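In what follows, a structure is listed as structure tokens, so that the remarks can point back to it.
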Number of protein chains: 2
Amino acid sequence: MAGEQGLGRQQTEKALSGLRDLVLKGEIAAGERLSEVLLAGRLKVSRTPLRAALQKLELEGLVDLIPSGGYQVRRFSQEDVIDAIELRGVLEGTAARLAAERGVAPAKLKAIHDVVRKLDEAFEPAPPDMDFERYAALNGRFHALLAELSGSNLLVRELERARRLPFASPNAFVGAEGHARAFQQTLIVGQAQHKAILSAIELREGSRAEALAREHARLARQNLDFVLQERPELKDKVAALALMAG
Amino acid sequence: MAGEQGLGRQQTEKALSGLRDLVLKGEIAAGERLSEVLLAGRLKVSRTPLRAALQKLELEGLVDLIPSGGYQVRRFSQEDVIDAIELRGVLEGTAARLAAERGVAPAKLKAIHDVVRKLDEAFEPAPPDMDFERYAALNGRFHALLAELSGSNLLVRELERARRLPFASPNAFVGAEGHARAFQQTLIVGQAQHKAILSAIELREGSRAEALAREHARLARQNLDFVLQERPELKDKVAALALMAG
DNA sequence: GCCTCGGAGCCTGTATACAGCTTTTGTGTG
DNA sequence: CACACAAAAGCTGTATACAGGCTCCGAGGC
């Protein structure tokens, strides 16, 4: 039954999203070897698209190639998580600096200002009733638009890649806000930083824009440290940390 | 004749290096669609490892996926080249900063100092007789070791990726030195910067180390501008620029 | 003359068969 | 009881067959 569906890269997409889910939800332990036949059966695809998905996941950094053959789920140390956050900060800082240095088209500025305004509105309901999902969507959009402000296709690509690691996502800790008041405060600080970054870009203050964007990513680092040092029981509540060892 | 060779990923490796050569040497024009059957025949592999190689090349950024199916050679604009150099500078700057901030094991420092000394020795023959190939190898090693000094596996990976784009390589313009005295001077300046970067790292001056490493990458930018503005006829002599449009 | 529609060829995405390497298990020996 | 070795099972990497789109061309209509 070759080409049963036949259209596009449908099976590969199915294998990719399915496999990504399995890894991200921790249903496959870190370091575990990934059997192609087993996974193919589980995901209801043949080995060919499954192997394609494995290769893509390798590029995303979720799985590692085993020298003797095959793949295994990548192990992330605490240092890896810290570095991934740092890296996102560096890249977003570069995006902000380039935007400031090179200038930004008014239309793009308007679009990102709109997002910031909507983020403000998302704060209006009292904290317990806040729609975190909506906030996360808008926050993600802010960061995507920030990358675009740089005017660099290359940087947009790199940032898309960097954000794929779940704990490096700007929303890594947003889901857990319901669990700790400290997290909610970081949202407020974060939104203030959003505005400061935009202001720096508009004033063409490249160095300030870069520093602010870097600091903004450090909020995630702060949340990470908070979880690890003061509330280790929250670790399981933050899905993004499922992959982290220790 | 399934599994004719059978060992490891030999065919994939063959397809990957062969295909990369074809693209890098400009034997396939930018924007051209890549026919799998044609290429498979040309490289003497079957379509399966060829497709694997195509996917890897997509991750390297040399080919683009066509939405309707298949791949094409990626087009690089002048801006892309500039941004790739900038990105390498940012990442190497981060590596240098982290090395300074976090400290470096003496053994690693010794290793990179050795490379710097050998680079000095490579300058001893009079410029026309200089062994550029040896210089490029040592220079590449310096940059690889610099990444390792950061102590961040993630950053090492990212820098390996970033350097894959030929024009973003630290050696992008080294091959062309024979063609212009101006290039030779950049080698001298570059070596001085190597030493300054190491000094900053040893003194734990993170900010200085970062700025220096960024500036070091800008040598490539300088060479690029020199070629484009003053000696356009050299463009064909720099293999790394073969992929650039215009 | 330009646009729309249809068909033929080509091409990609997918499934599957096969062979050699890796790993593991079980047995025999020191 | 530990270790070495051998056989077998499982697995991956590779080749290839197949089917459904996609592309391009030409014919027909407005």
Side-chain angles (χ1 to χ4, degrees), chain A residues 1-20 22-23 27-60 62-75, chain B residues 1-20 22-23 27-60 62-75:
Chain A
M1 257 183 274
E4 186 186 322
Q5 319 252 3
L7 76 109
R9 280 163 284 253
Q10 195 162 307
Q11 299 305 94
T12 300
E13 200 54 43
K14 185 172 165 188
L16 184 59
S17 62
L19 193 47
R20 186 158 35 205
L22 285 180
V23 172
E27 299 198 30
I28 307 177
E32 189 172 334
R33 184 177 191 147
L34 296 163
S35 163
E36 295 180 1
V37 281
L38 241 68
L39 285 173
R42 190 164 176 182
L43 296 173
K44 301 276 190 2
V45 294
S46 86
R47 278 183 61 216
T48 305
L50 182 87
R51 294 185 105 244
L54 278 169
Q55 235 186 307
K56 289 222 158 113
L57 251 53
E58 184 199 356
L59 125 81
E60 287 189 20
L62 288 182
V63 304
D64 268 337
L65 212 120
I66 303 175
S68 61
Y71 294 87
Q72 65 185 20
V73 178
R74 183 161 164 204
R75 273 180 214 281
Chain B
M1 262 187 279
E4 186 185 324
Q5 319 254 3
L7 76 110
R9 281 163 282 254
Q10 194 163 308
Q11 300 304 95
T12 301
E13 201 53 42
K14 185 173 165 186
L16 183 59
S17 62
L19 193 47
R20 185 157 38 203
L22 285 180
V23 174
E27 298 198 30
I28 307 177
E32 188 172 332
R33 183 178 191 145
L34 296 163
S35 162
E36 294 179 2
V37 280
L38 242 66
L39 284 174
R42 192 165 174 181
L43 297 173
K44 302 275 191 357
V45 294
S46 86
R47 279 184 60 218
T48 306
L50 183 88
R51 294 185 107 246
L54 278 170
Q55 236 186 306
K56 288 225 160 106
L57 250 53
E58 185 201 356
L59 117 82
E60 285 188 23
L62 287 182
V63 305
D64 268 337
L65 212 121
I66 304 174
S68 61
Y71 293 88
Q72 64 187 21
V73 178
R74 182 159 164 207
R75 273 180 214 280

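Keep in mind that the numbers below use all heavy atoms, side chains included, and drop hydrogens, waters and symmetry copies. Every chain is numbered from 1, with letters handed out A, B, ... down the list of sequences. Quick caveat: nothing in here was measured; it's all calculated off a predicted structure.
For A:Thr12 and C:dG13, the shortest distance from a side-chain N or O to OP1 or OP2 is not below 4.0 Å. Phosphate contact (OP1/OP2 of D:dT14, side-chain N/O of B:Thr48, threshold under 4.0 Å): absent.
With rounding to whole Å, B:Leu65 atom CG is found 14 Å from D:dC22 atom P. Between the CD1 atom of B:Ile66 and the P atom of C:dT12 there is a distance of 9 Å, rounded to whole Å. The distance between atom CD of A:Gln11 and atom P of D:dA19, rounded to the nearest whole Å, is 16 Å. Rounded to a whole Å, the CD atom of B:Gln55 is 15 Å from the C1' atom of D:dG13. Taking atom CD on B:Glu36 and atom P on C:dT14, their separation rounds to 11 Å, with Å as the unit. Taking atom NZ of B:Lys14 as the reference point, atom P of D:dT14 lies 11 Å away to the nearest angstrom. The nearest whole Å value for the distance from the CZ atom in A:Arg51 to the C1' atom in D:dC11 is 10 Å. Rounded to whole Å, the distance from CZ on B:Arg9 to P on C:dC21 is 14 Å.
Note that CG of B:Leu19 is 6.0 Å distant from CD1 of B:Ile28, once rounded to the nearest 0.5 Å. With rounding to the nearest 0.5 Å, the separation of OG1 in B:Thr12 from CG in B:Leu54 is 11.0 Å.
The nucleotide whose nearest atom lies closest to any side-chain atom of A:Val37 is, among C:dC11, D:dC11, C:dT14, D:dC11. Here the side chain of A:Ser68 is nearest to one of D:dA15, D:dT16, C:dT23, namely C:dT23. The A:Arg47 side chain lies nearest to C:dT16 when the options are C:dT16, D:dC11, C:dT12.
Judged by closest nucleotide on DNA chain D, A:Leu34 is the one of B:Val45 and A:Leu34 placed further toward the 5' end.
Between the side chain of A:Glu58 and the main chain of A:Leu65, no donor-acceptor pair closer than 3.5 Å is present. Proximity of a side-chain donor or acceptor of B:Arg51 to a complementary backbone N or O of B:Ser46 within less than 3.5 Å is not detected.
At a cut-off of 3.5 angstrom, counting only N and O atoms as typed in the model, there is no donor on one side facing an acceptor on the other between the side-chain of A:Arg33 and the base of D:dG10.
The nearest pair of heavy atoms linking B:Arg74 to B:Ala30 is O-CB, 4.0 Å.
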